[in-house]
*Asks:* 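Let me begin by handing over the structure; questions about it come next.
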Amino acid sequence: MQKEYLLVTGAAGFIGSAVAAHFLKLGFAVITIDNLSTGKREVIPEDVIFIEGDAGNAFTVKELEQFDISGIIHIAGQSSGEVSFEDPEYDLRSNTNSTLLLLDYAKRKRIKQFVFASTMSVYGNQHFLPVTENTIPNPVSFYAVGKLASENYMRIFSKFGISSIALRLFNVYGPGQNMDNLKQGMLSIYMAQAIHSNEITVKGSLDRFRDFIYINDVVNAFEKAFSKTKEDGIFEIYNVCSGAKTHVRELLELIVKHSQSSIKVNVIEGTPGDQFGIFGSPWRVNVDLNWRATVELKDGLEQMMKWAIKQ
Ligand SMILES: NC(=O)c1ccc[n+]([C@@H]2O[C@H](COP(=O)([O-])OP(=O)(O)OC[C@H]3O[C@@H](n4cnc5c(N)ncnc54)[C@H](O)[C@@H]3O)[C@@H](O)[C@H]2O)c1
């Protein structure tokens, strides 16, 4: 039987490679677009058809014409708030133009299923926590502005028959995360520093807090969301979070506990657009997709540390 073609963008990166590998296992023929800006060619799972290029460029998207694609999971993107201040235009092209081009492509080709890697960053700083999908977004970085715009493009394109779901991912971590990228991924940044130099530099207060979510749980959320987009003309937003609030201070204690030597912690000024504290309610995703986080931070972090030390 002919396999269904599925586009999973960003398969040279942390989340995209894990999602692509999972959908290959489910029996899809997976195609990816990746510009290798933060991703690595060797991370792309074997058997994935690789188109090298910028997903925010119409010429790259045109290369999809050779395949009869039945669904799109758009994960590729510039994923650092800090970088979005250094190069806002690249951020816009990478995170928003790419979504618009892919949605427009989906509309022309009558591709009905679309899932997008959005972010908890769209909430910015909020008085009332945990944030729910009804919380009014208050982006404080260009990165978050672009992701929120992508969600809104999806909402409008859903009127043209593209069922779409935006997953607002909280702080994703786990084996496979890029330990060389010190501008994205709070947990991976601290862990990489602990392993390489026995010294962690924290940009911003130790009282900040986050909601950490393990990669396997995130992959599972993408599978459930993709199934849900089989329903006609829907547009949904879901928090993909654990609901647990973890202070930076507690995170550092866990990392230090699992490190094999003593670690010095330096605290310096924060980065622009960094949220002070956030954690989410996973209630809606639980009810609608029957999804919940299964891996606790202490267990996931231990797994990741073992993997990272081996690297
Ligand atoms: N990691 C997290 O905690 C987290 C949280 C919320 C949202 N997200 C979103 O999930 C997605 C994946 O994040 P990640 O942690 O795997 O990051 P990553 O940097 O490991 O992966 C991103 C991948 O996209 C590729 N890419 C970037 N811009 C591109 C472009 N314009 N065209 C084609 N490819 C491009 C990169 O080369 C890389 O392979 C991103 O869109 C990010 O915004 C991540």
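In this chain, numbering begins with 1 at the start of the sequence shown. Note that ligands are numbered from 1 as they come in the structure, with each ligand's atoms numbered from 1 the same way.
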*Asks:* Could you list the residues that satisfy salt bridge (Lys or Arg N to Asp or Glu O under 4.0 Å) with K109, not counting sequence neighbours?
*Replies:* E65

*Asks:* Report all protein residues having a heavy-atom distance below 4.0 Å to some atom of ligand 1; order the list by chain, then number.
*Replies:* G10, A12, G13, F14, I15, D34, N35, L36, S37, T38, G39, G53, D54, A55, I75, A76, G77, Q78, S79, Y90, S94, A117, S118, T119, Y143, K147, L169, F170, N171, V172, Q184

*Asks:* What pairs with E302 under salt bridge (Lys or Arg N to Asp or Glu O under 4.0 Å), at least two apart in sequence or on another chain?
*Replies:* K306

*Asks:* Checking Q113 against T229 for the side-chain hydrogen bond (donor to acceptor under 3.5 Å, both in side chains) test, could you report, in this order, the C-alpha distance in whole Å, the side-chain angles of both residues, the deciding distance, and whether it holds?
*Replies:* CA-CA 5 Å; Q113 294 180 262; T229 56; 2.9 Å; yes

*Asks:* In terms of relative ring orientation, are F157 and F160 parallel, tilted or perpendicular, with 30° and 60° separating the classes?
*Replies:* perpendicular

*Asks:* Any salt bridge between R168 and E151, counting N to O under 4.0 Å?
*Replies:* yes

*Asks:* Restricting to pairs with a member in residues 257-275, which pass salt bridge (charged side-chain N to carboxylate O under 4.0 Å, His left out), not counting sequence neighbours?
*Replies:* R208-D274, R210-D274

